[in-house]
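The block underneath contains the structure these notes are about, expressed in structure tokens.
Owing to the predicted nature of the structure, the values given are computational and were not obtained by experimental measurement.
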Amino acid sequence: MPLSYNAPDTNGLFGSFGGRYVAETLMPLVLDLDKAYIAAKNDPEFLKELAYFQRDYIGRPSPLYFAERLTKYCGGAQIYFKREELNHTGAHKINNCIGQILLAKRMGKTRIIAETGAGMHGVASATVTARFGLPCTVYMGSTDINRQQPNVFRMKLLGAEVIPVQSGTGTLKDAMNEALRDWVTNVADTFYLIGTVAGPHPYPAMVRDFQSIIGKETKQQMLEKQGKLPDSVIACVGGGSNAIGIFYPFIDDQFVQLIGVEAGGHGVKTNKHAASLTGGAPGVLHGNRTYLLQDNDGQIIDAHSISAGLDYPGIGPEHSWLHEIKRAEYVAINDDEAMDAFQICCRQEGIIPALESAHALAEAIKRAPNLPKDHLMVVNISGRGDKDMQTVMNYIKEHQL
Amino acid sequence: MSRIANCFIKLKEKKQTALITFITAGDPNYQISLSLLQKLPDAGADIIELGMPFTDPMADGPTIQKASLRALKNGQTLLKTLEMVTTFRQSNQHTPIVLMGYFNPIHHFGAENFTKAAKQAGVDGLIIVDLPAEHDTDLCVYAQNEGIDFIRLATPTTDDQRLPRVLSNSSGFVYYVSVAGITGAGSATNEQIGEAIKRLHRHTSLPICVGFGIKTTEQARNIAKLADGVVVGSAFVNLIEKAETDQTAINDVLSLCSDLSNAIKK
């Protein structure tokens, strides 16, 4: 069923957000990519190949699991988990990487670059480039390299070159700057595999489309299990690809509440958070107009989150639009609240979620007790937490838990 | 007539090529940067490109990125950059000033307010790296309302089909980025540049200035034979970065400016 919601427009605008704010060198490439993507998504052969890899390589569909013990623990809404952490490579990131690598192959590109924060997109990129036999260079901030060692090792095992980025705070924003510099320098043969719903058009729409498999499955699975759609859907938001992936197929279903959870870090009233919508203002960075953390002079402020995957001072432009038209609600969860939810999930459900997903869980745990028992809530478990063990160990030690 | 157009007419009469020098406003600090701005015309700069520092200059190489961060660390803001131009205009009414930077600080300031303030300060042109022709309504229209030239970048990837779009609403001069890459990167051959300039001239009568990767007097001399202007940036910023004292920074930059000017004007 086609959606009546049809953003973005042909210029890649979601209302006043999105667009193509890139250097002239990149404009022809971005326009070519747009053409190639439009052709691909209307080509049954491409869609057939994508469906094959989604099923046999990623392992889709991912289950929609009733979190019975967490539901009892909270004592209110029925909580379901969309189990994206069960995908190959352990997160939702692979959904997008499979789509983009098939497109890169179709476009005849011979070299892949990517940026990564927590490393999950880097691992997914390294995985698909290994599968398709293309060289891969991943830019990663030096701070993130230190806190995400297991993923750095995985990327290298898969044959990718990981380039540390020292500038700024050495996090995702800086990695994205370096990837853009590489792309502008190697325009002839290189495909930039962007990891989230940000960047110049068509990336936000294209990545959303590849991730929307999450929401399509959720819809169908909930109808099969409960005979109706969920009442609320909760997902964490850094750049926001897992969130838009699960939200998008529900946008026309006005009665389904969509809740995006940003990283509140030490609190949105402090200067140490990554909540662009809750604590930022519209601006232009990395090829799109969106909400950004910035100072009074329009300089970008470094984000902070205990979760490397949410540590980004911007957000995908479609989220900015959904926020302004009030179709989705965006809230912030602090580091401490996410860590509590992380531990509750481990002990109640035997599932170790990614710290990113723990932010969504924290919001679910806050809301569920105050909701009726027939309220169906879906939490997107966007990734698994193996990669975060060092961060969790340090946190538990510091807080003497 | 705009200061930029006037500058190119005068140079054409003398059969000379323009030397366009780039420095970052506030690098390494406000005073030194102002002092350089005031002294560059006497050292041979025909047009000055003044960088507006930004935290995330995605199209610039490490040299200019570090210059931005040095300037920001020392308190440079967009308002201070405009103040710098105002001060410069008190003693120089003829050298064109082109502000170069990224859109976000201007967006935050407000595009209309910014172009009004820039005009009042004495700014002649704008080069905004991440604002392609597709986003003309964001800033270009306001600049045109104030009579500020909106200078566009054309690159080796800009083909004949796209050039008319890139050149629409542009004035002052066309900045030809001679290599697909970041500032301070490698350089193109004279043959490639010559071909590109011929191609550009088929689409526009505006002067064509060439930048990116020009570091030596020899390169500048060769490009001056082909283009209407030569843009040198990272080579100056490098000298500022390496200088042990503020005075050395000033001396080194002015000395390179003189050398380049002598090389291209002979």
Please check if the number of heavy atoms outside A:Asn296 that lie under 6.0 Å from its CG is greater than 12.
no
Quick one: what part of [X] sits under 4.5 Å from any heavy atom of chain A, side chain, backbone, both or neither?
X        : value
B:Leu69  : neither
B:Phe109 : neither
B:Pro156 : neither

Please examine the side chains of B:Thr77 and A:Asp297, heavy atoms only from C-beta on, and report whether any two atoms are closer than 4.5 Å.
yes
Quick one: does A:Met27's side chain get under 4.5 Å of B:Glu134's, heavy atoms only?
yes
Value for OG1 (A:Thr185) from CD1 (B:Ile182), rounded to nearest 0.5 Å, stands at 5.0 Å
Between [X] and chain B, which part of the residue has a heavy atom less than 4.5 Å away: side chain, backbone, both or neither?
X        : value
A:Ile301 : neither
A:Asp295 : backbone
A:Val22  : backbone

So does [Y] get a backbone contact from the side chain of [X], meaning a donor-acceptor N/O pair under 3.5 Å?
X        : Y        : value
A:Gln299 : B:Asp56  : no
A:Thr25  : B:Ala180 : no
B:His107 : A:Val284 : no

So which of B:Val179, B:Thr158, B:Leu131, B:Val177 has the largest heavy-atom pair count under 4.5 angstrom toward chain A?
B:Thr158
Could you tell me which of B:Leu78, B:Ile128, B:Leu79, B:Asp159 has the largest number of non-hydrogen atom pairs under 4.5 Å with chain A?
B:Leu78
Ignoring hydrogens and angles, state whether a donor on the side chain of B:Asn104 or A:Tyr21 is under 3.5 Å from an acceptor on the partner side chain.
no
Audit row: B:Gln65, A:Arg181, side-chain contact (heavy atoms from CB on, under 4.5 Å) steps and yes/no:
CA-CA 12 Å; B:Gln65 184 186 15; A:Arg181 289 188 179 111; 3.5 Å; yes
Determine the sole option in B:Arg165, B:Arg152, B:Arg162 for which the salt bridge (Lys or Arg N to Asp or Glu O under 4.0 Å) test with A:Glu24 is passed.
B:Arg162
For side-chain contact (heavy atoms from CB on, under 4.5 Å), just list the numbers for A:Leu285 and B:Met58, CA-CA rounded to whole Å, side-chain angles, deciding distance to a tenth of an Å, and then say yes or no.
CA-CA 9 Å; A:Leu285 182 71; B:Met58 285 91 65; 4.2 Å; yes
Give me each pair satisfying ring pair (Phe, Tyr, Trp, His ring centres under 6.0 Å) with a member in residues 157-208 of chain B, each pair once, sequence neighbours excluded.
B:Phe8-B:Phe173
